[in-house]
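Beneath this line is the structure, given in structure tokens, with notes to follow.
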Amino acid sequence: MDYKNLVAKRISEFVELDVETIEKLLEIPPKPEMGDYAFPCFQLAKSMRKAPNMIAEELKGKINKDGFEKIENLGPYLNFFMDKSSFGKGIIELILNKKETYGESNMGEGKTVCVEYSSPNIAKPFHVGHLFSTAIGNALYAIMKSQGYNTVGINHLGDWGTQFGKLISAYKRWADEEALEKEPIKELLRIYVKFHDEAEKDPSLEDEGRMYFKKLEDGDKEAVVLWNRFKELSLKEFDNVYDMLNVKFDSLAGEGFYNDKMEAVVKEIDDKGLLVDSNGAKVVMLEEYNMPPCIVLKSDGASIYATRDLTAAKYRKDTYNFDKSIYVVGKDQKLHFNQVFKTLELMGHDWAKDCHHVSFGLVRFADKKLSTRKGDVILLEDLLNEAISKTRDTINEKNPNLENKEEVAKKVGIGAIVFTYLKNSRERDMVFNWDEMLSFDGETGPYVQYTYARGNSILNKAGEVNGEADYSKLTSKEEFELVKTLEGFNKSIVMAIDKLEPSIVTRYVIDVAKAFNKFYNNHSVINVEDEGLKKARLNMIEATCQVIKNALNLIGIETVEKM
Ligand code: ARG
């Protein structure tokens, strides 16, 4: 039952505010002794021409108290105390009934959302920033899907641009086939860097690079074959990471996919009279909106990053007819997206307002050893493997006899990284600190996972308990807090969607784990004599585990039964 809503409905019968407004006014009292919800009566003083504390007293006498333990007035506040026994029963049974679907709704039914995330660059390392995008996008995708949205996951691979002409030129000059097969991205990076070094000495190399890109754009067979090869080799490496993270996409349409679709869009911009010549380049002027011009064609006639984004945005609208199209990309690209969205708007596409840049902060390293020297990159795969190996060490220390240690180390280790990425509001810079993120205490992935495993082990130890659960006995503060937290799952999901902020779900699951541990530290379960109470507590634990599992799954983390 939604108690907040019930409180608001009961109040609304006697005042001139609607349920929604009342819900917004409701407060959580600072102390549990003061009730579960408080309604401040100040708002009504004017219309009712009475002092707020008199209104509170009057309402207390009138309101229907069914479903509440009591209702009290305290000064200008009207405090509601929920009936704890019926509350626990309702929520726990609901969760045990719905199982993995608890938390879902059909609020998004009939609506399509494009979610673009990850989008690494071909022939370049998959770096820690791309993991940020991958983790946020993957979570938003699952979170929205859980509410019935039709979600389209897109990996907008960076696989187009003049740099690929340079890469072809570099490949033909210096590539080492053996190295390319073994460590493709490393080798591609090596020859790309070499190209730049050599081009400083011999500028004609730049022309050669441009020439190859032109060939690629024109569909020259050799150039296309090489480009495809770079792409395949890179994707193979990226796929290792995606497999480890269990991340999937519905579309891999990268920048190159739009090569043959850009001309029409450039023409459309021109037809609308927006295209202006600027030193040979074609641009859309945006000074009226306090932005530098959006470059559409460079002076050599080549398309650029923005051209492909304009084309991709249109393609997505035409193909998926989205209600919302989101781009999970670092905040350093804020201006770029503002320019692209504004240009779409000027082109007359009113759906430009449905495009959102979901930005995130930088990744910093607390550990000096990890901070990169110039030109030195941290490969994500190494980072994930490191997390696994460190977690394996902890397990060997804490629980050396654990079966399937490898699987546990993998899920918990990788989960720890993902959890850290999704713990704080995304715009905040994230600090990469091994000790902190892998700790079993504190607000970490392993802590939540450990709580889940602990709950499971209690359930296993208890075995079958005869008789009916007596939920009316779950009356302690800790039990009530836990059940109340479990009730809030869907609300946290809806809020996460509203703010496009997965950390709301992450914080939620931390709250569940904390509430559970508080309960477990204060009350026994296995040794309880009263079978009805014991069964009720066990059911509450089972419900808690279910909610932790569902919530972690939404943010892309798998649980383990033992650890
Ligand atoms: N490949 C780009 C990068 O690594 C990110 C792409 C972002 N998405 C977009 N539609 N522009 O910086």
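Both ligands and their constituent atoms are indexed starting at 1 by order of listing. For reference, positions follow the sequence shown, starting with 1.
Within a 6.0 Å sphere centred on NZ of Lys267, heavy atoms belonging to other residues, nucleotides or ligands number 12 at most. Heavy atoms from other residues, nucleotides or ligands lying under 6.0 Å from CZ of Arg428 number 12 at most. The 12-atom threshold is not exceeded at CD of Glu263, counting heavy atoms of other residues, nucleotides or ligands nearer than 6.0 Å.
At a 3.5 angstrom cut-off on N or O pairs, Asp309 counts as close to ligand 1. Of the polar atoms of Arg316, none of the N or O atoms is found under 3.5 Å from an N or O of ligand 1, judged by distance alone.
Scanning the protein heavy atoms around atom 4 (O) of ligand 1, the nearest turns out to be His130 NE2, 2.8 Å. Protein heavy atom at the shortest distance from atom 1 (N) of ligand 1 is Asn121 OD1, 2.6 Å. Among protein heavy atoms, the minimum distance from atom 8 (N) of ligand 1 is reached at Glu116 OE2, 2.8 Å.
Here Tyr327 and Phe341 bring their ring centres to under 6.0 angstrom of each other. Aromatic rings from Tyr447 and Phe440 are positioned such that their centres are separated by 6.0 Å or more.
Taking every non-hydrogen atom of Tyr327 and a distance limit under 4.0 Å, the qualifying atoms of ligand 1 come out as 10 (N). Listed by number with element, the atoms of ligand 1 under 4.0 angstrom from any heavy atom of Tyr305 are 2 (C), 5 (C), 6 (C), 7 (C), 8 (N), 9 (C), 11 (N). Listed by atom number, the atoms of ligand 1 under 4.0 Å from Val329 heavy atoms are 7 (C), 8 (N).
Ionic pairing of Glu268 and Lys272 is present here: one or more N-O contacts between side-chain nitrogen and carboxylate oxygen are shorter than 4.0 angstrom. A salt bridge is absent between Glu178 and Lys182; no separation between the charged side-chain nitrogens and carboxylate oxygens falls under 4.0 Å.
Neither the backbone nor the side chain of Phe126 has any atom closer than 4.0 Å to an atom of ligand 1 (non-hydrogen atoms only).
At least one heavy atom of Gln333 sits closer than 4.0 Å to an atom of ligand 1.
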